[in-house]
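First comes the structure, then the notes that go with it.
For clarity, every value in this text was computed on a predicted model and none was experimentally measured.
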Amino acid sequence: MGDFQTKLEKFWRVFYWQNGYSRVAAGLKNTLVIAVLGLSIGILAGTLIAAIEVFPGKRTLARALKRLARFYVALFRGTPIVVQLLVTYYVILPLMAVNLSPISVCVLVFGLNSGAYVSEIMRSGILSVDPGQMEAGRAVGLSYRKTMMEIVVPQAVKNILPTLGNEFIVLIKETSVVSFVGALDLYVAFSYIGNNNYEFMVPYLVMALIYILLVAAITGLVQLMERSLRKSDRSHQTM
Amino acid sequence: MIEVIKLCKDFGDLQVIRNVSLTIQKGEKVALIGPSGSGKSTFLRCLNLLELPTQGSILFDGRVITGSKTDLNRHRQQTGMVFQQFNLFNNKTVLENIMLAPLHMKRQTLRQALRKKSVCSNSNKIIREETEFQAIQLLRRIGLEDKKDVYPSTLSGGQKQRIAIIRALAMDPQVMLFDEPTSSLDPEMVGEVLDLIKSLADEGMTMVIVTHEMGFAREVASRVLFMDEGKFLEQGPPQDLFESPGHARTREFLSKVL
Ligand SMILES: Nc1ncnc2c1ncn2[C@@H]1O[C@H](COP(=O)(O)OP(=O)(O)OP(=O)(O)O)[C@@H](O)[C@H]1O
Ligand SMILES: [Mg+2]
């Protein structure tokens, strides 16, 4: 136990007295920024793709878009996110002569990646909404798009909120690979502290605790949101 | 007012509506009866183009609406539809349910007017207030003004269906289409919905009602159509069709439901 005590003290020295915490804070911020912005892009992209996939039209344009959507989903679901990050950062962007910061690249790739997953979630959410809702919207003269945005998607989102919460947690966890393209995250911050005195036990333990707390906080938040959304649905389950 | 000419509707190999023609005058109340699967709903849904006819044409106020140039949404705004399952928007309050489509339509009109710069800038607010006023009036008519801010899931079936009816009325339609409006209601709620439909009929609304309520059809309809296997086998004033049906199929059907 005395051994652990020393380790704690070593950790604390770097964490507190040598400004390790500012790195941890920066890493935590990056993790959250990448996950939050990534999920936002993912929800936008995913909703768009799901809307294309469930659109009943059969014209050439609709069919081409559907094929493109399927390709996109297959591409991003079929390769590891690390590979997507590396290829984007070291291959695609240099070839296009575009210069982006590691964080921006991470936001972009995580957004596109989660778009593929969110589209699957969103599609099943849209299909779970009673078709009578779309019919009623069309019957009063609202367009397909308007009915989708005003009536169907909000109900779909409510149905899939727990799954979206899960997707957010997955994103938080997956951000632990962003150091592959040189972004500073929790892993980099705590490795720095560990490297300072070749003592990794406490830093990685604290890192694990932070991830656990983050996930618990998000789970609680999702449950809160679900509860407030359920107010428009009270007697629905009993029917 | 509505003229249906040689209408056909297929679903793949299945011919559901077979070469049907029909004229409905303004103010007429047409009841559509017939066995399950005979194509009543499909015919009704063709009238507001929720189903696009395979062949034939439909004229509305003398204009062909089955051509490719028809503005589907515009047409549906003039054609109120009431479903068996109510289909109120679950994520909207009662008031929002009623206001959504009229507000959207008026705003679109406003936007077009704004492009011509002929309207003042606070019109949006005026439109909203006007639409809300009309919605409340309609709610008052059915005695459900106090329900304006609740969500549909808290309402009874009869309340839902009456709100679905005024939601359609809020668009100020030329004709109302009802597809078995009382079939999924508990018996004690059928009366309140039929009363509302009847009061619309008394005001002169043109309507087409698919129904299994023969008593109601007899009382309200000016004409009854019997549909069988995608065709109108027989039609006439209710007393004629109910008292002395000409076809064996009609007699057989009526003996089952009366
Ligand atoms: N979208 C569709 N795709 C394929 N077949 C359909 C579709 N809609 C209806 N049908 C078929 O068309 C036929 C007529 O259906 P429709 O709903 O018009 O009958 P109905 O007279 O309204 O019957 P009910 O009294 O049971 O409501 C049925 O055989 C039905 O299965
Ligand atoms: Mg039917």
Practice task
For a salt bridge (charged side-chain N to carboxylate O under 4.0 Å, His left out) with B:Glu192, tell me which candidate from B:Lys160, B:Arg162, B:Lys198 qualifies.
Solution key: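 Going through the options one by one, the only one that passes is B:Arg162.
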Given that the side chain runs from C-beta out, which part of [X] has a heavy atom under 4.5 Å from chain A: side chain, backbone, both or neither?
| X | result |
| --- | --- |
| B:Phe89 | both |
| B:Arg45 | side chain |
| B:Leu88 | backbone |
| B:Thr79 | backbone |

With respect to [X], which candidate in [options] satisfies the side-chain contact (heavy atoms from CB on, under 4.5 Å) definition?
| X | options | answer |
| --- | --- | --- |
| B:Ile17 | B:Thr42, B:Asp10, B:Val4 | B:Thr42 |
| B:Asp179 | B:Ile209, B:Leu44, B:Val208 | B:Leu44 |
| B:Met207 | B:Leu177, B:Ile24, B:Ile197 | B:Ile197 |

Answer yes or no: are there more than 12 heavy-atom neighbours, outside [X] itself, under 6.0 Å from its atom [atom1]?
| X | atom1 | result |
| --- | --- | --- |
| B:Arg74 | CZ | no |
| A:Tyr211 | OH | yes |
| B:Glu130 | CD | yes |

Problem - From CD (A:Glu120) to CD1 (A:Ile49), nearest 0.5 Å - result: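 One gets 9.5 Å once the value is rounded to the nearest 0.5 Å.
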Exercise for the section: Identify the two heavy atoms, one from B:Val220 and one from B:Ala201, that lie closest to each other, and give their separation to 0.1 Å. Expected result: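 Heavy-atom minimum between the residues: CG1-CB, 3.7 Å.
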Practice task
Specify the closest pair of heavy atoms between B:Leu50 and A:Glu135, including all atoms of both residues, with the distance to one decimal.
Solution key: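 Closest approach of B:Leu50 to A:Glu135: CD2-O, 4.3 Å.
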Exercise for the section: Considering only heavy atoms, give the residues of residues 98-115 of chain A separated from chain B by less than 4.5 Å, sorted numerically, with 'none' for an empty result. Expected result: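 Within residues 98-115 of chain A, no residue comes under 4.5 Å from chain B.
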Exercise for the section: Determine which residues belonging to residues 137-151 of chain A lie within contact range of chain B, meaning some heavy atom pair is under 4.5 Å apart, and list them by number or answer 'none'. Expected result: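 Answer by number: A:Gly137, A:Arg138, A:Ala139, A:Val140, A:Gly141, A:Leu142, A:Ser143, A:Lys146, A:Glu150, A:Ile151.
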Winner by heavy-atom pair count (cut-off under 4.5 Å) against chain A, out of [options]:
| options | value |
| --- | --- |
| B:Gln108, B:His104, B:Gln77, B:Met171 | B:His104 |
| B:Lys92, B:Met81, B:Met105 | B:Lys92 |
| B:Asn48, B:Val82, B:Leu49, B:Leu100 | B:Leu100 |

Problem - Between A:Asn159 and A:Ser128: side-chain donor-acceptor atoms closer than 3.5 Å - result: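 Looking only at side-chain atoms, A:Ser128 and A:Asn159 do form a donor-acceptor pair, the distance falling under 3.5 Å.
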Handout entry: Side-chain donor or acceptor of B:Lys40 paired with backbone N/O of B:Gly34 under 3.5 Å
Key =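 Yes, B:Lys40 side chain to B:Gly34 backbone: donor-acceptor pair under 3.5 Å.
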Exercise for the section: Check for a donor-acceptor pair, side chain of B:Ser184 on one end and backbone N or O of B:Gln84 on the other, with a separation under 3.5 Å. Expected result: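 Present.
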